[in-house]
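A short worksheet on the structure shown next.
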Amino acid sequence: MIAIVNYGLGNINAFSNIYNKLNIEHRIANCKSELLDAQKIILPGVGAFDFAIKKLNESGMRGALDELVLEKKVPVLGVCVGMQIMAQQSEEGDMNGLGWIQGEVRKINCSNIEHKLFLPHMGWNQIAPVGGEKSMIFKDINFDKGFYFLHSYGFYCSNEADVLATSDYGDNFVCAIRNQHIYGFQFHPEKSHDNGINLLNNFAKM
Amino acid sequence: MLRSRIIPCLLIRNKGLVKTVNFKDGKYVGDPINAVRIFNEKEVDELVVFDIDATVQNRDPDYKMIENLAKECRMPLCYGGGIKDVEQAIRISNLGVEKVAISSQAVINPSVVSDIIEAIGSQSVVVVVDVKKSVFGKYEVYIQNGTQKVRKKLPDLLKEFDALKVGEVIVNSIDMDGKMSGYDEKLIQIARDVMSSQLSVLGGAGSLEHIKRLISKYKIIGACAGSLFVFKGVYKAVLINYPAPSEKMDLASDSIGIN
């Protein structure tokens, strides 16, 4: 059973719709008790870093998530701000992140774009897996078609080994991270047509 | 590299899809959910849906309809129509809508835009500015679905939205709406010159060539179109269409320039 963490942020229904279509057992977890038997976890999120952490604290699920992810090693997939809050901190806010993956969140640098700075980075972009396409999570993914992005901040990993894929918006930035069973994607698989469906299916099947 | 977005824009009236010309004479073109399903299959970049009567009729957004649309969309959805305050924006966002568009209320009272940005994040806030040329060729801003002119000057208003850091501004040409004769590039240039927020344009697209030209000239830009993606041929037969993935790659291949 995959638990989709509903702490008031992110498009919970979009994930649920995709898993419905794929016929994969899942549950929208609104409180701690709905999380505890999760075999996999999806942590969505949109908006600002501090607001996301605050909402997660208020949901009463943060402690259970820490325990499931850090102690029981339950695979987790963070999306957009759900990925960013896995860092220790963000220059967007003052609060501490979950600290599940070493790194910090900073505004992405797009100053190399010749005309003007356009943030948020909004739309469809290609992704490049680091070290080829070996990871199971990228099975059947069309890297050129890419994924839908909507963000101004990015994850800067402390350990290069945690970078799973990068993308290019004037400059290379990290768009996917992984440390063992902890995955994070800056883009939105729940809104990325077949690529997104395949990716969520891969996560479920791993 | 980022591809410029090519975005069908659907107009809703009495729960059906319509397509207007110069904001008038809405021609019925089909059922919204059915259109979304077709656009899913065609893997569109994004979808914009405007309820064009909500503000004029001074009623709330049709939340049930929005929820049904959001459920069906496998691409990001932007909804606009009838949004006046933060609570409505939050409610729509919570229905699974990625972007909330505000038009009349944003022009009348830009502070509501900053409130909404604070609540749902700037990346999810879109301001739509409807523009019509005066008889003297001056661009003027309209609200209430093109029925009411406002005094604020277009560049000033755009600068104001830019300073509020809205995620995206859609500049919509009332003159070019439904004409399918090409975008108003003079209008687009005015917007590009004063803004650093993401810019999308609507009104006038009649062929993929128009979109290609827009993207090669303005690079990162949202190319919205209504008629182009719901009509086919000179007699405007209703047919939901969208460029195939390979065509789309070609159209947007020119979208970014790196130093």
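If you're wondering where the values come from, they're calculated on a predicted model, not measured in any experiment. Side chains included, hydrogens not; waters and symmetry mates left out as well; all remaining heavy atoms used. Reminder, nothing fancy here: chain letters follow the sequence lines and each chain counts from 1.
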**Prompt:** For the ring pair A/His26 and A/Phe15, is the centre-to-centre distance below 6.0 Å?
**Reply:** no
**Request:** Answer yes when B/Lys64 and B/Glu67 have at least one side-chain N-carboxylate O distance shorter than 4.0 Å, and no when they do not.
**Result:** yes
**Prompt:** Who among A/Asp194, A/Ile12, A/Ile127 has the most heavy-atom pairs with chain B under 4.5 Å?
**Reply:** A/Asp194
**Fill in**
Applying a strict 4.5 Å limit to non-hydrogen atoms, the region of B/Pro245 in contact with chain A is side chain
**Message:** I'd like to know which of B/Gly121, B/Gly167, B/Gly222 tops the heavy-atom pair count under 4.5 Å against chain A.
**Reply:** B/Gly167
**Prompt:** With a 6.0 Å cut-off on ring centres, are A/Phe173 and A/Phe155 close enough?
**Reply:** no
**Request:** Counting only heavy atoms closer than 4.5 Å, note whether A/Leu9 contacts chain B via side chain, backbone, both or neither.
**Result:** neither
**Asked** Which is it for A/Trp100 and A/His181 under the ring pair (Phe, Tyr, Trp, His ring centres under 6.0 Å) test, yes or no, and what are the steps along the way?
**Response** CA-CA 11 Å; A/Trp100 291 349; A/His181 60 294; 8.7 Å; no
**Message:** For A/Tyr153 together with A/His151, are the ring centres under 6.0 Å from each other?
**Reply:** no
**Fill in**
When the 4.5 angstrom heavy-atom criterion is applied to B/Leu95 and chain A, the contacting part is backbone
**Request:** Give, as side chain, backbone, both or neither, the part of A/Phe149 having an atom under 4.5 angstrom from any heavy atom of chain B.
**Result:** neither
**Request:** Sort A/Ser192 into side chain, backbone, both or neither according to what part of it lies under 4.5 angstrom from a heavy atom of chain B.
**Result:** backbone
**Prompt:** Any Lys/Arg nitrogen of A/Lys191 or B/Glu46 sitting under 4.0 Å from an Asp/Glu carboxylate oxygen of the other?
**Reply:** no
**Request:** Determine the option with the most heavy-atom pairs under 4.5 angstrom with chain A, choosing from B/Lys165, B/Lys99, B/Lys248.
**Result:** B/Lys99
